[in-house]
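Remarks on the structure that follows.
Predicted, not measured: the structure shown is a model, and the values here were computed from it.
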Amino acid sequence: MSQYRLVSFLCALYILGGESFFCGQSLFANPPVASYIFPAGGQCGTTVPVRVGGLFLYDQCEFDLSGRGITASPTLRPMKRLWFEGPILPLPESQQQEDYPADMTGTVTLAKDASIGPVRGRVFTSQGGAGGLVFMVGDLPEVVEKEIDGEAIPQAIKLPVTANGRIFPRENVDLWEFDGEAGKTVTAFVYAQALNSPLVPQLDILDITGKIVAEQMQYPVIGTDGSVKFTPKVAGKYRVRITDARTLGGPAYVYRLTVTTANVPAFNFPIHGKADGLADAIDAKDMVKAPIALNGRIEKPTAINEWKVELKKGGKYTFDLQARRAESPLCGVVAILDTSGKELARAESGDPSNDPAPLAFSPQTDGVFTVRVAEKFRGRGGPNFIYRLRVTDGVVVAGEPGYRLTMTPDVTTLARAAKVNVPIAVERLGGFSGPIELSVSALPKGVTIAPVKIAANQSNVALTIQADATATIGTIPLIVMGTATIDSKPVQKQAVVPGNKFLFDEPSPKLTIAFPTPFKIIDQYVMTSAPRGETYRRKYTLDRAGFDGPIRVELADKQARHLQGVTGPVLIVPPGQTEVDYPAFLPPWMELGRTCRVCVMATAKVKDPVDGREHMVSFSSTEQNQQMIVVVSPGRLDLDIEKTSIRAEPGSEVRITLKVSRSKNLKGDVKVEVVMPEHWKGLTAVPLLIPATGDTGEMVLKFAKDCGPFNAPLLIRATAVTPETSIVAEAKIEVVR
């Protein structure tokens, strides 16, 4: 029996014996993080190739995308990671933590009758599971952005259409070009929040010259994150421009932009809400009796709606204003006045993003009272400032007695020989206040829960789930059932993950039993300086804890700070070896004096001593002892170019003079070459060799007749090779057509 198997076996004995000591074996695990799906949706009746990004997804991960008529790849595989560095992120912003998601590939097949709307997605590895992914099913034709580096190049679309894109990198702008007809209104609206995207969209419409002809609506059309409407005066080509309102961006900043000439209402009046059994009143001129729902709008600033409502002495009435909950911009104020105009009760919210709390009111006399609804802030109002005021009395029972159980998150990760608390919330209905017994069905061997009872009138409880050292690694449904006695009868309810205005409740949350990582990286705090433009190396020590197999070491998916262009290879540490010398290349354009903190991760395939299956596991840490901490100093090679911009005439040549500067301790030839984006064409340049005895040279750039598009600066790179490392300097030239 190997040392690792022996340690695991002894640990199992300790756990089964009721002890919590784990024999020194690490309980560390890197559960996956789900960052995005791109494209974030598709049209019914199509198969969509998707790029799923996340952290710690390894060489494969399981993929779950559930919904009627949806079939997704059960397993995702790695694909080439797409990364755009974007503009230099200066201090202090460059000192912030940043994730570098790995890209996985798969497909999503949508039946012709697939349910329209968003569905949840989840990923799973041997070290846990993660939710938070959202994929939206639509019925319009779809296009996907052709992602390239540099300034935006308009992408043509034909209306109606849903365009899938990303604001990546920071400060990125996307342009979608369409043919507009004179007098025909075009509406463009975007989904981002609905996709769990961090994007704060900013939309406008430009004409072909770049002039803004329509700006984003102050209040987006109902159910969207941003919208713009435009009616062309003349037919022609127009462009929808989208970016992040804060000039942020990244691989997770996905969006779905629909552009259509169909009629898209800015709001729904009266408000469409859940059925509550109340009659709806729309005309404030008529006197009404409670219970009733008052539907109105504050059509202009300083406007006030007054309703005449008949109330009974001693009645226990509740006035519940629904506006913000229905995406109305109204920050409502509700007041109740007697026949003399005296204010008897008032409700307003201290948080403009929320409706006021329901107002309780019990009249001292029978009579007709004035219920006043207004906007809290002067200068605000409009036809979309709509509301629904629910007026109920104590006689009305809001449904039968009952309850609803909810839980978060939709995926719970539980490591072997560990425990986790799952929060459970109860919503009590129809006056039910009794206790509720909780149970979990179909738990695998080695996983247990402590008995839990939700006490009478209690609204929250934690469900503790524990796994021993022999629990089977994998994912199962987490079925939490509640049992309560209502009207002398047992009533059972299953806990669900609550939905929101976009997503339905999730009826099948998951529990993933995670395999701990036996090894880890250990070291001491080291801080030094290193020149930019070359490779810096740091020696790391691996604590194998009995694991004897090969270990892969590479840059970590999760970094303590923005990398600012730092790159590194994948190294394989042979079996038994406990030290690794990791090289990280510091690009020549890094900010001088910046403290670079690079994190690495170690990954390996480990055999489970319980059942013999193999699991991919990893260790990474953002603690400073495991960081490569380097203060960036000047490079040993510089490159100067006589021109900052050149004109690219089709079929022409341009000659540029270059000069390299070497530090005193740097000798040898310098190779100079151009580095072009993949989407450029028609530009060639023969690499130039500047001998050790010289420092200048001339490079010839040749432009073909069909050259371009030159939407980014041309990068020229100089490289000097020493026995220890390659030393790089770079310069950029703007190419103008």
Side-chain angles (χ1 to χ4, degrees), residues 219 222 266-399 429-431 501:
Y219 305 107
I222 196 77
F267 56 89
N268 295 318
F269 182 78
I271 288 174
H272 297 168
K274 293 182 179 180
D276 54 14
L278 296 177
D280 284 291
I282 296 177
D283 191 348
K285 296 178 181 179
D286 300 328
M287 186 190 73
V288 296
K289 296 181 180 181
I292 193 74
L294 310 177
N295 295 271
R297 70 180 93 196
I298 306 303
E299 294 199 56
K300 60 183 180 180
T302 72
I304 296 174
N305 289 176
E306 291 189 344
W307 299 82
K308 302 298 182 182
V309 182
E310 181 178 341
L311 304 176
K312 298 295 184 180
K313 177 182 178 180
K316 296 181 180 179
Y317 297 95
T318 299
F319 294 76
D320 182 17
L321 183 72
Q322 298 174 331
R324 303 298 286 178
R325 282 170 283 177
E327 298 185 65
S328 167
L330 177 67
C331 298
V333 177
V334 178
I336 302 173
L337 293 75
D338 63 14
T339 54
S340 69
K342 178 183 178 181
E343 186 176 292
L344 304 176
R346 182 183 181 89
E348 61 182 89
S349 175
D351 180 0
S353 63
N354 292 324
D355 292 324
L359 174 64
F361 177 66
S362 181
Q364 300 299 308
T365 61
D366 292 344
V368 177
F369 294 79
T370 299
V371 178
R372 179 177 290 172
V373 182
E375 163 63 40
K376 180 177 181 178
F377 300 101
R378 294 178 61 87
R380 297 182 80 245
N384 57 332
F385 280 61
I386 58 178
Y387 64 86
R388 187 171 191 263
L389 179 61
R390 301 175 67 252
V391 184
T392 57
D393 60 32
V395 177
V396 177
V397 178
L429 308 172
K501 68 178 182 180

Worksheet item: What's the verdict on side-chain contact (heavy atoms from CB on, under 4.5 Å) for Thr318 and Leu359, showing C-alpha distance, side-chain angles and the deciding distance?
Response: CA-CA 6 Å; Thr318 299; Leu359 174 64; over 6 Å; no

Worksheet entry | Any residue meeting ring pair (Phe, Tyr, Trp, His ring centres under 6.0 Å) with Phe377, in chain and number order, not counting sequence neighbours | none

Worksheet entry | With Phe319 via ring pair (Phe, Tyr, Trp, His ring centres under 6.0 Å) - residues at least two apart | none

Worksheet entry | Check: Ile298 and Asn305 side chains under 4.5 Å, non-hydrogen atoms | yes

Worksheet item: Are the side chains of Val334 and Leu389 in touch, meaning some heavy atoms are under 4.5 Å apart?
Response: yes

Discussion item. Working to the nearest 0.5 angstrom, can you tell me the gap between Ile282 CD1 and Asn295 CG?
Written reply: 5.5 Å

Discussion item. To the nearest 0.5 Å, what is the distance between CD1 on Ile386 and CD1 on Ile271?
Written reply: 4.5 Å

Worksheet entry | For Ala326 against Ile222, the heavy-atom pair lying closest together | O-CD1, 3.4 Å

Fill in: Closest approach of Pro291 to Asp393 (non-hydrogen atoms, all atoms of both residues)
CD-OD2, 3.8 Å

Discussion item. Please check: side-chain N/O of Glu375 versus main-chain N/O of Gly381, any donor-acceptor pairing under 3.5 Å?
Written reply: no

Worksheet item: Taking side chain as C-beta onward, heavy atoms only, is Trp307 less than 4.5 Å from Asp286?
Response: no

Worksheet entry | salt bridge (charged side-chain N to carboxylate O under 4.0 Å, His left out) against Asp280, all qualifying residues, sequence neighbours excluded | Arg388

Fill in: Residue pair Gly296 / Phe269: nearest heavy atoms and the distance that separates them
O-CE1, 3.5 Å

Worksheet item: Within a strict 4.5 Å, meaning less than it, do heavy atoms of the Val288 and Leu294 side chains meet?
Response: yes

Fill in: Ala374 to Leu330 - nearest heavy-atom pair and separation
O-CD1, 4.1 Å

Worksheet, complete the sentence: In short, salt bridge (charged side-chain N to carboxylate O under 4.0 Å, His left out) pairs touching residues 295-307 with sequence neighbours left out are Glu306-Arg372

Fill in: Whether Lys376 side chain and Ser349 backbone form a donor-acceptor pair below 3.5 Å
yes

Worksheet item: Restricting to pairs with a member in residues 319-330, which pass salt bridge (charged side-chain N to carboxylate O under 4.0 Å, His left out), not counting sequence neighbours?
Response: Asp320-Arg325, Asp320-Arg390, Arg325-Asp355, Glu327-Lys501

Discussion item. Between Tyr317 (side chain only) and Lys312 (backbone N and O only), is there a donor and an acceptor less than 3.5 Å apart?
Written reply: yes

Worksheet item: Do the ring centers of Tyr219 and Phe385 come within less than 6.0 Å of each other?
Response: yes

Fill in: CG on Leu311 to NZ on Lys289, rounded to 0.5 Å
11.5 Å

Listing, residues 360-370 side-chain donor-acceptor contacts under 3.5 Å, not counting sequence neighbours, or none:
| residue | atom | partner | partner atom | Å |
| --- | --- | --- | --- | --- |
| Ser362 | OG | Gly315 | O | 3.1 |
| Asp366 | OD1 | Lys313 | N | 2.5 |
| Thr370 | OG1 | Lys308 | NZ | 2.7 |

Worksheet item: Going by heavy atoms in the side chains, are Pro356 and Val333 under 4.5 Å from each other?
Response: no

